[in-house]
Amino acid sequence: MASVTFENVFKHYGNVTAVNNLNLQIPDKEFLVFVGPSGCGKSTSLRMLAGLEDISEGTIYIGDRPVNDVAPKDRDIAMVFQSYALYPHMSVYDNMAFALKLRKMPKPEIDQRVKKAAQTLGIEQLLPRKPRQLSGGQRQRVAVGRAIVREPKVFLFDEPLSNLDAKLRVQTRAEITKLHQQLATTFIYVTHDQTEAMTMGTRIAVMKDGLLHQVDSPQTLYDYPNNIFVAGFIGSPAMNFFDVTVKGSGDNLTVDGDAFQLPIPAERAKGLKAYVGKAVAMGIRPEDLFDAEYVAQSIHPGNLDAKVEVTELMGNEVYLYLLTGKNSYVARVDPRTKAKVGNSVRMVANLDKVHFFDKATEQAIR
């Protein structure tokens, strides 16, 4: 097993910097997820670690060994691709055994490893079949099995679930999480889907435009985002943002959003004292907005009068798309809500959970 370290790593394509000074330590046995929008540099980082892309500057270590000049086959890693990359003319058994045969491993050991991996993944009955006879989910398991048999130090996953339907994605991500627990080795996983990242990773590295914006546990990212990008990217539906002006003095601060005014609890007001009279960005997550009829009693409330533009019934909750003044935003509310399209409703914001960001730097105001 091994840790992975990115030390001042850059990747340039001509004048374009795809990865910009990446510094990241991934301890042994961690499940780290790279997440971010398309083109943010997450797959490029993974491919540099795998040896499929050259490193422009910096050093990547697997354990204590620099691997910049080590051939991919000698890095003791295994990669699972989005496209599965199975050999169509080979059976599942032969696909899984192929890398071991190249190593000239004894046949009994190959057989043992393949059957053990197949049992772990529940695909023993698929071993005689060809890839064309398998569903997308079955092919993905075979691709994972082919990685398992090699018993690598590090597993790399490059958007492995993006070709699966929604139900199968949920099932397969749970299987990969259980697999990490069983194998107790280092997993590094790339996705653009923040739900996958939140449910699978022990830590999440959030990237945008080649830069690492924040790396932390899922709950810490959710509760304490470093900036507007992380706050808006992590969470579904995304955090709502409002342009507001800070007013008041001392601990008695309010924020004015033209169509609403909200008093800020003293604990949240501490970082805002330097912004009195200035505009800031205020963030509220959809689940921290409540229909006034069904509000929790233990919160610091702030009222927002809104018009309902769209409703989406999700079964156990309702998404309300609302308009207050010029502000469009989303609330996740109790399914008992009586709000209908065109209605005026009173919403209550949980002011203990509001976030504030500097307008110029977009950094969180603590």
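Looking only at distances, no side-chain donor or acceptor of Lys130 sits under 3.5 Å from a matching main-chain atom of Ser91. Judged purely by atom type and a 3.5 angstrom limit, Lys42 uses its side chain to pair as donor or acceptor with the backbone of Pro37. Side chain of Thr5 to main chain of Gln25: no donor-acceptor pair is present (N/O by atom type, distance under 3.5 Å, no hydrogens or angles). Between the side chain of Asn252 and the backbone N or O of Ser249 there is no donor-acceptor pair closer than 3.5 Å. For Thr324 (side chain) and Asn327 (main-chain N/O), no donor-acceptor pair under 3.5 Å exists by modelled atom type.
The nearest pair of heavy atoms linking Cys40 to Lys208 is CB-CA, 3.7 Å. Summarising the geometry of Met96 relative to Ala117, their closest heavy-atom pair is CE-CB, 3.8 Å, with the distance given to 0.1 Å. Residues Pro72 and Ala50 come closest through the heavy atom pair CB-O, 3.4 Å.
Contact check for Gln194 versus Ser236: side-chain heavy atoms found under the 4.5 Å cut-off. Taking 4.5 Å as the limit, every side-chain heavy atom of Gln363 sits out of range of all side-chain heavy atoms of Phe357. Between Phe241 and Ile228, some side-chain heavy-atom pair lies under the 4.5 Å cut-off. Looking at Thr245 and Val255, their side chains never come closer than 4.5 Å, going by heavy atoms from C-beta outward. Residues Arg129 and Leu134 form a side-chain contact, since some pair of their non-hydrogen atoms from C-beta on lies under 4.5 Å apart. Two residues are said to be in side-chain contact when any heavy atoms from C-beta on lie closer than 4.5 Å; Thr199 and Thr177 fail this criterion. Taking 4.5 Å as the limit, every side-chain heavy atom of Ile123 sits out of range of all side-chain heavy atoms of Gln138. Leu179 is listed as a side-chain neighbour of Gln182, based on a closest heavy-atom distance under 4.5 Å.
Here side chain to side chain donor-acceptor pair (under 3.5 Å) pairs that include residues 69-81, with residues two or more places apart or in two chains, number zero. Annotation: salt bridge (charged side-chain N to carboxylate O under 4.0 Å, His left out) contacts involving residues 355-366, sequence neighbours excluded, comprise Asp243-Lys359. Sequence neighbours left out, the pairs with a member in residues 140-184 that pass ring pair (Phe, Tyr, Trp, His ring centres under 6.0 Å) are Phe31-His180, Phe155-Phe187, Phe157-Phe187, Phe157-Tyr189, His180-Phe187. Pairs passing the side chain to side chain donor-acceptor pair (under 3.5 Å) check and including a residue from residues 158-172, sequence neighbours excluded, read Ser43-Asp158, Gln82-Ser162, Glu159-His192, Gln171-Glu175.
The CG atom of Asp223 sits 10.5 Å away from the CG atom of Asp216 when rounded to the nearest 0.5 Å. Going from atom CG of Leu322 over to atom CG of Leu289 covers 7.5 Å, rounded to the nearest 0.5 Å. Once rounded to the nearest 0.5 Å, the distance linking CE of Met200 with CZ of Arg173 reads 8.0 Å. Here the CD1 atom belonging to Ile365 is positioned 8.0 Å from the CZ atom belonging to Phe356, to the nearest 0.5 angstrom. Considering CG of Asp305 and CE of Met347, their distance stands at 10.5 Å, rounded to 0.5 Å.
Scanning for salt bridge (charged side-chain N to carboxylate O under 4.0 Å, His left out) contacts around Asp256 gives Lys247, with sequence neighbours left out. Take Lys353 and apply the salt bridge (charged side-chain N to carboxylate O under 4.0 Å, His left out) test, not counting sequence neighbours, and it matches no residue. Partners of Tyr329 according to the ring pair (Phe, Tyr, Trp, His ring centres under 6.0 Å) rule, which considers only residues two or more places apart in sequence or in another chain, are Phe242. In this structure, the side-chain hydrogen bond (donor to acceptor under 3.5 Å, both in side chains) partners of Thr17, at least two apart in sequence or on a different chain, are His12. Residues meeting the salt bridge (charged side-chain N to carboxylate O under 4.0 Å, His left out) test with Arg103, sequence neighbours left out: none. Contacts of Glu109 classified as side-chain hydrogen bond (donor to acceptor under 3.5 Å, both in side chains), with partners at least two apart in sequence or in another chain: Arg113. Residues that satisfy the salt bridge (charged side-chain N to carboxylate O under 4.0 Å, His left out) test with Asp111, not counting sequence neighbours, are Lys115.
Both tests do not hold together for Lys273 against Tyr275: distance to the six-membered ring centre under 6.0 Å, angle to the ring axis within 45°.
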(message) Determine whether Glu57 and Asn8 satisfy the following criterion, side-chain contact (heavy atoms from CB on, under 4.5 Å), listing intermediate values before the conclusion.
(response) CA-CA 7 Å; Glu57 299 175 50; Asn8 305 119; over 6 Å; no
(request) Mind running side-chain contact (heavy atoms from CB on, under 4.5 Å) on Leu32 and Leu24 for me, showing each step along the way? (result) CA-CA 11 Å; Leu32 181 111; Leu24 181 62; 4.0 Å; yes
(request) Go through the steps to decide whether Gln214 and Tyr224 satisfy the test side-chain hydrogen bond (donor to acceptor under 3.5 Å, both in side chains), and finish with yes or no. (result) CA-CA 10 Å; Gln214 189 172 353; Tyr224 303 103; over 6 Å; no
(message) Walk me through whether Asp94 and Lys101 qualify under salt bridge (charged side-chain N to carboxylate O under 4.0 Å, His left out).
(response) CA-CA 9 Å; Asp94 289 335; Lys101 290 176 180 175; 3.2 Å; yes
(request) Output, in order, the C-alpha distance, side-chain angles, deciding distance and verdict of salt bridge (charged side-chain N to carboxylate O under 4.0 Å, His left out) for Arg332 and Glu317. (result) CA-CA 6 Å; Arg332 283 170 69 172; Glu317 60 192 3; 3.1 Å; yes
(request) Determine, step by step, whether Thr185 and Lys29 satisfy the side-chain contact (heavy atoms from CB on, under 4.5 Å) criterion, reporting the C-alpha distance in whole Å, the side-chain angles of both residues, the deciding distance to 0.1 Å, and the verdict. (result) CA-CA 4 Å; Thr185 188; Lys29 300 180 183 176; 5.7 Å; no
(request) Kindly indicate, with the supporting measurements, whether the criterion side-chain hydrogen bond (donor to acceptor under 3.5 Å, both in side chains) is fulfilled by Glu196 and Thr191. (result) CA-CA 7 Å; Glu196 274 181 36; Thr191 181; 3.2 Å; yes
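Under the side chain to side chain contact (heavy atoms under 4.5 Å, CB included) test applied with Leu211, the options Asn21, Val206, Leu22, Asn20 reduce to a single match, Asn20.
Cluster partners of Phe98, using a side-chain heavy-atom cutoff of under 4.5 Å among ILVMFWY residues and allowing indirect links, are Tyr87, Met90, Leu102.
Between Thr59 and Glu7, the side chains place no donor N or O within less than 3.5 Å of an acceptor N or O (distance only, hydrogens not considered). Side-chain N/O atoms of His213 and Asn226 include no donor and acceptor closer than 3.5 Å. Using a 3.5 Å distance cut-off with no hydrogens or angles, the side chains of Thr337 and Asp291 do pair a donor with an acceptor.
Val354 and Leu221 fall into different hydrophobic clusters, where Ile, Leu, Val, Met, Phe, Trp and Tyr residues are linked whenever their side-chain heavy atoms come under 4.5 Å apart, directly or through other members. Neither Val19 nor Ile204 shares a network with the other; the hydrophobic side chains, linked directly or stepwise wherever heavy atoms of I, L, V, M, F, W or Y lie under 4.5 Å apart, form separate groups for each. The hydrophobic clustering, which links ILVMFWY residues whose side-chain heavy atoms are closer than 4.5 Å, places Ile77 and Met105 apart.
The neighbour count for Gln119 CD, taken as heavy atoms of other residues, nucleotides or ligands under 6.0 Å away, does not exceed 12.
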